[in-house]
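Note that these values count all heavy atoms, side chains included, but never hydrogens, waters or copies made by symmetry.
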Amino acid sequence: APAGRDDLRMQKMLDFLAEGYAGELSLPEIAGAAGIGERECLRCFARTIQQSPMQYLLKYRVMRGAEALLRDPGGSVAEIASACGFDSPSNFSRMFRRFYDCTPREYRRAAL
């Protein structure tokens, strides 16, 4: 596939993820944002960013959570987890630790 076409599709899908990351997003919805099928969506992500759409979404949610921890020092981890699309604070904390090697509370404490 021509690189330009991939870029356009990825931009549409990444925009869709950025807007809807806090909600329930499925592969068909992500693919639909670029008007392509699920398999082509997976190939497109693999070609351009070497991650699956769901891996990207997970990382994006965790990164937005990290920003929120610092932006809103008084906000509870549970509220931030929920606002970033996680079904539970423990799931958020587990994923957060995977990406940042510390808990959300440790991250916030170290930064403030």
Would you say the side-chain atoms of Glu106 pair up with the backbone N or O of Thr103, donor to acceptor, closer than 3.5 Å? yes
Note, [X] side chain near [Y] side chain (heavy atom, < 4.5 Å):
| X | Y | result |
| --- | --- | --- |
| Pro53 | Met13 | no |
| Phe96 | Leu69 | yes |
| Arg108 | Ile80 | yes |

Can you establish whether the number of heavy atoms outside Arg98 located under 6.0 Å from its atom CZ is more than 12?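 Count not over threshold, so no.
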Closest heavy-atom pair and its distance - Pro89, Ala81: CA-CB, 4.0 Å
Heavy-atom closest pair (Glu29 atom, Glu24 atom, distance to 0.1 Å) is OE1-O, 3.4 Å
Arg64: partners by salt bridge (charged side-chain N to carboxylate O under 4.0 Å, His left out), with sequence neighbours left out: Glu67
Report the C-alpha distance between Leu14 and Tyr60 in whole Å, list the side-chain angles of each, state the deciding distance to 0.1 Å, and finish with yes or no for side chain to side chain contact (heavy atoms under 4.5 Å, CB included). CA-CA 10 Å; Leu14 295 180; Tyr60 189 86; over 6 Å; no
Got a sec, which residues hit ring pair (Phe, Tyr, Trp, His ring centres under 6.0 Å) with Phe45, two or more places apart in sequence or on another chain? none
Quick one, Gln11 with Asp7, criterion side chain to side chain donor-acceptor pair (under 3.5 Å). Give me CA distance, side-chain angles, the key distance, then yes/no. CA-CA 6 Å; Gln11 195 55 59; Asp7 289 347; over 6 Å; no
List the steps, then state whether side chain to side chain contact (heavy atoms under 4.5 Å, CB included) holds for Met95 with Arg61. CA-CA 10 Å; Met95 293 304 154; Arg61 284 174 168 163; over 6 Å; no
Run the side chain to side chain contact (heavy atoms under 4.5 Å, CB included) test on Tyr56 and Leu17 for me, step by step, so that the C-alpha distance in whole Å, both residues' side-chain angles and the decisive distance to 0.1 Å come before the verdict. CA-CA 9 Å; Tyr56 175 88; Leu17 288 169; 3.5 Å; yes
